[in-house]
Amino acid sequence: MATSSEGDRPWQSYNTAYTNAKAGMDGVDKEKVQRVVYEMSKGSKYFENEQRKEAFIKQKIENLRVQVDLLTDKDISHFQMIANKRIIELEASRDLSKIWLHVDMDAFYAAVETLENPSLRGRPMAVGGLSMISTANYEARKFGVRAGMPGFIACKLCQDLIFVPTNFEKYTFYSELTRKVFRRYDPDFFATSLDEAYLNITEVCISSDEVASELRNAIFEETGLTCSAGVAPNRMLAKVCSDLNKPNGQFILPNDKDAIITFISSLPIRKIGGIGKVTEHILRDALGINTCEDMLQKSAFLCALFSSCSSDFFFSVGLGLGRTDTPERKMRKSISSERTFRATKDEAFLFHKLGDIAETLSIDMQKECLSGRTLTLKLKTASFEIRTRAVSLQTFIHTKEDILKYASRILKAELPISLRLIGLRMSQFRDDKNSNLDPMQKTIVCFLSGECDSPSARSLQKQDCVNSDKLEIQECLDFMEGNSMQDLELDFPASDDHTIERHCDKFCFSEYHHSVSNSVAERRELNDSCVDEFRSNESLQPNEGTHSVESSKHMKEVSLRWIDDYICSVCGIELPVSFIEERLEHLDYHFAQRLEEEESSQRRIHLAPVERCSPKASHARQAPRKKQKCSSKELNHIPIESFFSKFKKNS
DNA sequence: GGGCGCGGGATAG
DNA sequence: TTCCACTATCCCGCGCCC
Ligand SMILES: Cc1cn([C@H]2C[C@H](O)[C@@H](COP(=O)(O)OP(=O)(O)OP(=O)(O)O)O2)c(=O)[nH]c1=O
Ligand SMILES: [Mg+2]
């Protein structure tokens, strides 16, 4: 440990952020880099925050060491038995039947910029700005400049460094080109970022070496970009391998257990994906673990100190085991936007920023047709402390106004505060996966198109399905035929009233009112002291006798017009109402509808499959509503035009 | 006790 | 003169509810 010489060379104790071995960093004067970084950082707010975090981790390590010291010989042999058993089980699961290839483009953003501006070739260059750089080319790396380093420090390390601003459209374009090549080798390849992908080449592989060379050549031919590749029996090892001969190189690890053991034994644990700065630090200083092999040597202690989930992971690393299956494609779980600015406590400025962020987030959500019910506000204080505050709503939101409304309330609760960053994230998207759907059920849109199992139909289901409130179509049809509305019930997501109050006791959040009832209005007055739209738990009870009665004939017309409007506004096809009516007669499908309570009172119709099970709670009763035109503004971005074009031809 | 929601943290590109 | 990004995912611990 360098602690003894800390007095002389304080930079050695400053975190190892830029010192971990990285491609292109051989032969760099690490001591000098470390010193410059330290000199530039020392005394800054950022630095102080890092020191706080570091101290916290040191404390954690200290606690672990105490735990280790307390272990008796008996304890140790006990945990050793458990560990051995687990290791044998894991070893038994070893699968050497697959061949995985990991591709990683070299200095990707920088390489793309160089391609578009050849004068940059051979000169040290970084993509990003003075505050942060995304990556640097290999010329710049010789100076110690690297991804995640602030630009102003990089400048000190390399006087002639050229900065190029990021341009994601370019990177996306070139990423697409590389993926075209990947697809030829494995149509089911899966990309983990713009510049990385895993390919299962088991089937196409005669010689791994040749496949890798051929692939890299093809990529270079078709894009002008170089990449590195790693081939191994599982994804964890393939990723390690792709980094070994970077840039523009490859490394093949044969599907042979002895070769794997040899390979893994001397490998520093930091090379493994999932083991970062902190884990490396903890395992080294608490248990003396440096290489993957050490994971097995110290298995008893890993068992004693960590959860079985964590120790399993550590043992897998020691054995060189990794996933060999192809993961199913997952939809995104959250979407966010955040901005950094000069730290300030000027509230007008902060709220203005919040509005900007809400707007970009809303635009991004609309691009992907997302609507979410959990909003998370992220703040970074002037001292770099990160705070997050979340609310889960009863309704799904995606407009700037809605996002800003709730975000403002949360932010108000944090004032006064000096901030340097504000971010907003939406999650818990509206999605059929959120409710136990019968996957055999199809959407109304599907039905109308007659293409129930087409991929576009599935993607449509993913994007535009379940709502917080739904009407069973059969019930709706019953109603249309003159039955009572009394039996129609709405399905709310689980109520989070208490949660909201608990976590943000200064504010009460408005609920989504499905019917305008006197009782709600009355309660609103009673709770006037709280906020504008308070909603008590009592209001979750069904509202009695509040709906007016309109003729069922009229309702039927209205319902059919809704659907007609929906289809029209989405894809511009005007269908005869009688056609829709005829189609609907055959359905055991459902449609969901949603009434915006906001000033615009826009009505949005969502077509959705619905679970067969009865609604969990019946909080409100549906009241008949007046017909309103669908808002095409909200619907236009739903990318189902191509889907409907099929339908157009047929009709 | 399982599930949910929140807040913090680690990791990666 | 300037003084460390942005997007996303997973995991853990905690408190609460059913
Ligand atoms: C590591 C990192 C990468 N990126 C971007 C820029 C990178 O070009 C791109 C791919 O990341 P990396 O593959 O990690 O880095 P790289 O491709 O630039 O260099 P190499 O693989 O040869 O070591 O992701 C960031 O924006 N921020 C980061 O912190
Ligand atoms: Mg790369």
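Convention: sequence-line order gives letters A, B, ...; per-chain numbering from 1.
- Between the side chains of A:Glu169 and A:Tyr174, no donor N or O sits under 3.5 Å from an acceptor N or O.
- We find that NZ of A:Lys378 is positioned 12 Å from P of B:dG8, with the value rounded to whole Å.
- Rounded to an integer number of Å, the gap from A:Phe313 CZ to C:dC10 C1' is 12 Å.
- At a threshold of 4.0 angstrom between heavy atoms, the contacts of A:Lys42 with the nucleic acid are absent.
- The side chain of A:Pro150 lies closest to C:dC4, out of B:dG5, C:dC12, C:dC4.
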Is there any protein nitrogen or oxygen under 3.5 Å from a nitrogen or oxygen in nucleotides 10-13 of chain B, and what are the pairs?
residue	atom	partner	partner atom	Å
B:dT11	OP1	A:Gly276	N	2.8
B:dT11	OP1	A:Thr279	N	3.1
B:dT11	OP1	A:Thr279	OG1	2.4
B:dT11	OP2	A:Lys277	N	3.4
B:dT11	OP2	A:Val278	N	3.0
B:dA12	OP1	A:Gly274	N	2.9
B:dG13	OP1	A:Lys239	NZ	2.4
B:dG13	O5'	A:Glu196	OE2	3.4
B:dG13	O3'	A:Ser193	OG	3.0
B:dG13	O3'	A:Asp195	OD1	3.1

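- Residue A:Lys156 is classed as having no contact, given no heavy-atom separation below 4.0 Å to the nucleic acid.
- Checking C:dA5, B:dG8, C:dC4 against the side-chain heavy atoms of A:Thr340 singles out C:dA5 as nearest.
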List the steps, then state whether salt bridge (charged side-chain N to carboxylate O under 4.0 Å, His left out) holds for A:Arg179 with A:Asp195. CA-CA 9 Å; A:Arg179 288 175 188 187; A:Asp195 91 316; over 6 Å; no

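- A:Thr376 comes within 4.0 angstrom of nothing in the nucleic acid, heavy atoms only.
- With both ends at atom C1', the span from C:dA5 to B:dA12 equals 14 Å, rounded to whole Å.
- The residue A:Ser337 sits close only to the backbone: its heavy atoms come under 4.0 Å of sugar-phosphate atoms, none of a base.
- A straight line from CZ of A:Arg339 to P of C:dC4 spans 17 Å, rounded to a whole angstrom.
- A:Arg420 has a side-chain polar atom (N or O) that falls below the 4.0 Å cut-off from OP1 or OP2 of C:dC4.
- Counting heavy atoms from C-beta on, the side chains of A:Pro247 and A:Tyr138 come closer than 4.5 Å.
- When heavy atoms are screened at a 4.0 angstrom cut-off, A:Arg332 is found touching the sugar-phosphate backbone but no base atom.
- For the residue pair A:Gln250 / A:Arg216, a side-chain donor-acceptor distance below 3.5 Å is found, with atom types taken as modelled.
- If you take CD1 of A:Ile357 and P of C:dA5, they are 14 Å apart, rounded to a whole angstrom.
- Closest to the A:Arg342 side chain, of the nucleotides C:dC3, C:dA5, C:dC4, is C:dC3.
- Using a 4.0 Å cut-off, no side-chain N or O of A:Ser310 falls inside it from OP1 or OP2 of C:dC11.
- Of the two residues near DNA chain C, A:Met132 and A:Ile335, the one whose nearest nucleotide lies more 5' is A:Met132.
- For A:Ser336, whose side chain is taken as the heavy atoms from C-beta onward, the closest listed nucleotide among B:dG5, C:dT7, C:dC10 is C:dT7.
- We find that NZ of A:Lys333 is positioned 17 Å from C1' of B:dG5, with the value rounded to whole Å.
- For A:Gln428, no side-chain nitrogen or oxygen approaches OP1 or OP2 of B:dC4 to under 4.0 Å.
- Relative orientation of the A:Tyr198 and A:Phe190 rings is parallel, given thresholds of 30° and 60° on the angle between their planes.
- Side chain of A:Ser334, nearest nucleotide from B:dG8, C:dT9, C:dC6: C:dT9.
- A:Phe384 comes within 4.0 angstrom of the backbone, heavy atoms only, and of no base.
- Note: OH (A:Tyr109) to C1' (C:dA5) measures 11 Å, nearest angstrom.
- Minimum atom distance to the side chain of A:Ser131 is reached by C:dA5, of the listed C:dC3, C:dA5, B:dG7.
- Once rounded to the nearest 0.5 Å, the distance linking CZ of A:Arg35 with CG of A:Leu157 reads 10.5 Å.
- Where A:Leu421 and A:Lys330 each meet DNA chain C at their nearest nucleotide, the meeting point lying more 5' is that of A:Leu421.
- For the 3.5 Å distance criterion, the side chains of A:Gln67 and A:Asn63 fail to qualify, holding no donor opposite an acceptor.
- Under 3.5 Å, the side chains of A:Thr360 and A:Ser337 contain a donor-acceptor pair of N or O atoms.
- Note: CG (A:Leu424) to P (C:dA8) measures 13 Å, nearest angstrom.
- For A:Ser299, the side chain to side chain donor-acceptor pair (under 3.5 Å) partners two or more places apart in sequence, or in a different chain, are A:Gln80.
- Rounded to an integer number of Å, the gap from CD1 of A:Ile422 to P of C:dA5 is 15 Å.
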